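Values in this document were obtained by computation on a predicted structure and should not be read as measured data.
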Number of protein chains: 2
Amino acid sequence: MEPPYYAVIFTSTLKKNEPAYHELSARVLKEAENQPGFLGMDTARSGLGISVSYWKDMESIRAWKQHMGHKAAKAEGKEQWYDWYRIRIAEVRQDWEWSAL
Amino acid sequence: MEPPYYAVIFTSTLKKNEPAYHELSARVLKEAENQPGFLGMDTARSGLGISVSYWKDMESIRAWKQHMGHKAAKAEGKEQWYDWYRIRIAEVRQDWEWSAL
């Protein structure tokens, strides 16, 4: 991942946190991994959930938004799982890491 | 928060997850909240930790990077808490939310 690339920052709260929700998430991640331009995803939840997916360009994000499996998951998410969500699309300009090793 | 604004995406793994680490995080968040240009922060951890802080402009991010309390916390973090971290700086271009209410 060499900047510039793109990040979709997805924050959400759930109505209920159940195994079926995590199965849905895992299925969506697998589909995203097969999309052209997908660079990776980070995810964590402590009440508030944060998933950041990384993409090569805006084209890839648009294609993912139109993906049928993603659309179906989104409809299920709105109907059954999410209480609230927020989506931000951002251009990553700098990226560095540090390791204790 | 009206785009464009900026996001600092901080992902990390910990050597150990102890109350003293959460006290450090809470102190740093309080200091960030008093910085000019600070717009908010989202945070979650499930093994991997993700904190996304939002800022008015790159100026505010640079000033926060130079802030003494932040520098001290960073040194403590590297010495005692973090195993690994990665920082991305991104320009937020689109932002929308959905609510079940």
Side-chain angles (χ1 to χ4, degrees), chain A residues 1-17 21-22 25 39-55 57-58 61-62 65 74-101, chain B residues 1-17 21-22 25 39-55 57-58 61-62 65 74-101:
Chain A
M1 288 195 228
E2 192 70 25
Y5 59 90
Y6 293 81
V8 179
I9 305 166
F10 179 81
T11 46
S12 66
T13 52
L14 295 173
K15 283 181 211 163
K16 49 191 178 176
N17 193 341
Y21 170 72
H22 296 278
S25 297
L39 302 175
M41 171 145 19
D42 290 323
T43 186
R45 180 172 296 276
S46 311
L48 180 77
I50 308 178
S51 292
V52 191
S53 58
Y54 306 102
W55 301 86
D57 48 33
M58 284 299 297
I61 293 174
R62 271 189 288 267
K65 202 175 170 182
K74 187 177 161 182
E76 185 184 332
K78 283 169 120 166
E79 199 179 301
Q80 291 199 45
W81 304 110
Y82 297 116
D83 208 33
W84 166 90
Y85 66 70
R86 185 163 179 168
I87 298 175
R88 292 172 173 96
I89 297 181
E91 186 195 56
V92 178
R93 299 209 179 147
Q94 295 176 50
D95 177 353
W96 69 94
E97 62 184 328
W98 174 87
S99 170
L101 301 178
Chain B
M1 291 194 225
E2 192 72 23
Y5 59 91
Y6 293 81
V8 179
I9 304 165
F10 179 81
T11 46
S12 66
T13 53
L14 295 172
K15 282 180 212 163
K16 49 190 176 176
N17 192 341
Y21 170 71
H22 297 278
S25 296
L39 302 176
M41 173 148 13
D42 290 323
T43 186
R45 180 172 296 277
S46 311
L48 179 76
I50 308 177
S51 293
V52 191
S53 58
Y54 306 100
W55 301 86
D57 47 33
M58 286 298 298
I61 294 174
R62 272 189 288 269
K65 202 174 170 182
K74 187 177 162 182
E76 185 185 332
K78 282 169 120 165
E79 200 179 301
Q80 292 199 47
W81 304 110
Y82 297 116
D83 208 34
W84 167 89
Y85 66 72
R86 184 163 181 169
I87 299 176
R88 294 172 172 96
I89 298 181
E91 186 195 55
V92 178
R93 300 213 178 143
Q94 295 175 51
D95 177 354
W96 69 93
E97 62 185 327
W98 173 87
S99 170
L101 301 179

Does any heavy atom of chain A fall under 4.5 Å from the side chain of B/F10, the backbone, both, or neither of them?
neither
Between B/S12 and chain A, which part of the residue has a heavy atom less than 4.5 Å away: side chain, backbone, both or neither?
neither
What's the separation between atom CD in A/Q94 and atom CE in B/M58, rounded to the nearest 0.5 Å?
5.0 Å
Interatomic distance, OG@B/S99 vs OH@A/Y82, rounded to 0.5 Å, equals 14.0 Å
Counting only non-hydrogen atoms closer than 4.5 Å, does A/I9 touch chain B with its backbone (N, CA, C, O), its side chain (CB onward), both, or neither?
side chain
Structural part of A/T13 lying under 4.5 Å from a heavy atom of chain B
neither
Might you point out which heavy atoms bring A/V52 and B/I50 nearest each other, and give the distance in Å?
CG2-CG2, 4.3 Å
What closest approach, in Å, do B/D42 and A/T11 show between heavy atoms, and which atom pair accounts for it?
OD2-CG2, 3.5 Å
Does A/Y6 have B/R93 sitting over its ring (NZ/CZ under 6.0 Å from centre, angle to axis within 45°)?
no
Ring-face cation of B/R88 near A/Y5 (centre distance under 6.0 Å, axis angle within 45°):
no
At a heavy-atom distance under 4.5 Å, which candidate from B/V92, B/I87, B/D83 has the highest pair count against chain A?
B/I87
Is there a donor-acceptor pair closer than 3.5 Å between any side-chain N or O of B/S46 and the backbone N or O of A/R45?
yes
Check whether any side-chain heavy atom of [X] sits under 4.5 Å from a side-chain heavy atom of [Y], and report yes or no.
X     : Y     : value
B/R86 : A/W96 : no
B/W98 : A/K78 : yes
A/W84 : B/E97 : yes

